[in-house]
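Let me begin by presenting the structure, written as structure tokens, before commenting on it.
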Amino acid sequence: ACSSRFVLSQMHPMWQEPLEVPGGDRQSPIDISIRKSVFDPNLKPLVTRYDPRTCQQIWNNGYSFLVEYDDRTDKSTLHGGPLEDQFRLCQFHFHWGENNNWGSEHTVDRHLYPAELHLVHWNSDKYSLFEEAVMEDNGLAVIGVFMKVGRRHEGLQKLVDALPAVRHKDSVVEFTKFDPSCLLPQNTNEYWTYAGSLTTPPLTEAVTWIIMKQPIEVSHDQLAVFRSLLFTSAEEEVQKSMVNNFRVQQSLKDRTIRSSFN
Ligand SMILES: NS(=O)(=O)c1c(F)cccc1F
Ligand SMILES: [Zn+2]
């Protein structure tokens with residue numbers, strides 16, 4: 001699995017923003033202004049091929065919970081869209097709020113969603129490890145999917161049922177045979193894409209972001225289970241609810257957001 005331990009081992013205490021970032025001209029997340037985005041007819045459809053047999057475990061890393069995949073071979077991949085190369089799925093995770101009024105990292109015309117899913121992939125045509133790719137301009141591709149409150153998401157429920165087992169920071173539970181394509185919206189041809197960064201330290205400017213226009217629906221109760229997780233480990237006296245684990249929005253600076261649709 002892609003040991004995001006690398007990314008999170010440099011973890012700063014929560015929200016010690018603003019963190020000085022070398023360069024810092026392509027930071028994430030951002031607001032996606034629809035009128036500022038430019039339709040690019042050359043953008044291709046996204047192609048995801050996920051093998052549920054590569055799903056390994058769920059890990060509470062004290063920041064979010066990650067569903068980690070075996071990324072030692074090209075079994076679960078992403079290509080197409082704005083991407084020139086093939087990318088390997090290493091993990092997916094979420095960001096959410098303490099209530100349904102906020103929680104997403106990206107916004108659309110300042111509209112906040114209660115949560116956002118990130119499917120993290122690294123460029124396996126150019127690099128041999130996630131830890132390498134995370135330091136390179138074209139190293140990562142992250143699919144962002146907005147989540148709104150509505151009908152219960154049957155595919156998500158298997159994951160929700162496993163969360164009590166990873167309530168505390170540093171807990172891990174085996175989790176297998178999960179196909180993350182069930183978490184994608186039915187329409188994956190409409191997305192925005194821009195050059196950005198990790199939204200957690202080391203905040204490296206390595207990410208091609210692909211943000212789906214169509215949100216998925218999850219139930220109020222499913223989001224409530226996300227909020228039952230804890231930032232703190234079992235040993236700590238004061239337990240802190242894992243909520244509001246999103247980064248503050250960053251300036252667009254000299255960047256263009258492209259859309260795959262008109
Ligand atoms: N939030 S994010 O998708 O930028 C992200 C990554 F891409 C990789 C590791 C951790 C992480 F949080
Ligand atoms: Zn994320």
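Just so you know, ligand 1 is whichever comes first in the structure, and atom 1 is the first atom listed for that ligand.
Side-chain contact check for Ser219 and Asp221: no donor-acceptor pair (N or O, by modelled atom type) lies under 3.5 Å. Checking Glu98 against Asn244 by side-chain atom types alone, a donor-acceptor pair falls below 3.5 Å.
Considering the Zn ion (ligand 2) as centre, the angle to NE2 of His95 and to ND1 of His118 is 100° (10° rounding).
By the 4.0 Å heavy-atom criterion, Gln91 is counted among the residues contacting ligand 1. Residue contact annotation: Val142 has a non-hydrogen atom under 4.0 Å from ligand 1. Ligand 1 has no atom lying under 4.0 Å from any heavy atom of Phe92.
Shown in contact with Thr200 at under 4.0 Å from a heavy atom are these atoms of ligand 1, numbered in order with element: 10 (C), 11 (C), 12 (F). Shown in contact with His95 at under 4.0 Å from a heavy atom are these atoms of ligand 1, numbered in order with element: 1 (N).
Using a 4.5 Å heavy-atom cutoff, the side chains of Met212 and Phe146 are not in contact. Counting heavy atoms from C-beta on, the side chains of Lys158 and Cys182 never come closer than 4.5 Å.
In terms of polar-atom proximity, His93 is counted as a contact of ligand 1, with an N or O under 3.5 Å from an N or O of the ligand.
With respect to the salt-bridge test (charged N to carboxylate O, under 4.0 angstrom), the residues Asp51 and Lys75 do not qualify.
Ring geometry for Phe175 versus Phe178: interplanar angle of 30 to 60°, hence tilted.
Heavy atoms of Thr199 found under 4.0 angstrom from ligand 1 belong to the backbone as well as the side chain.
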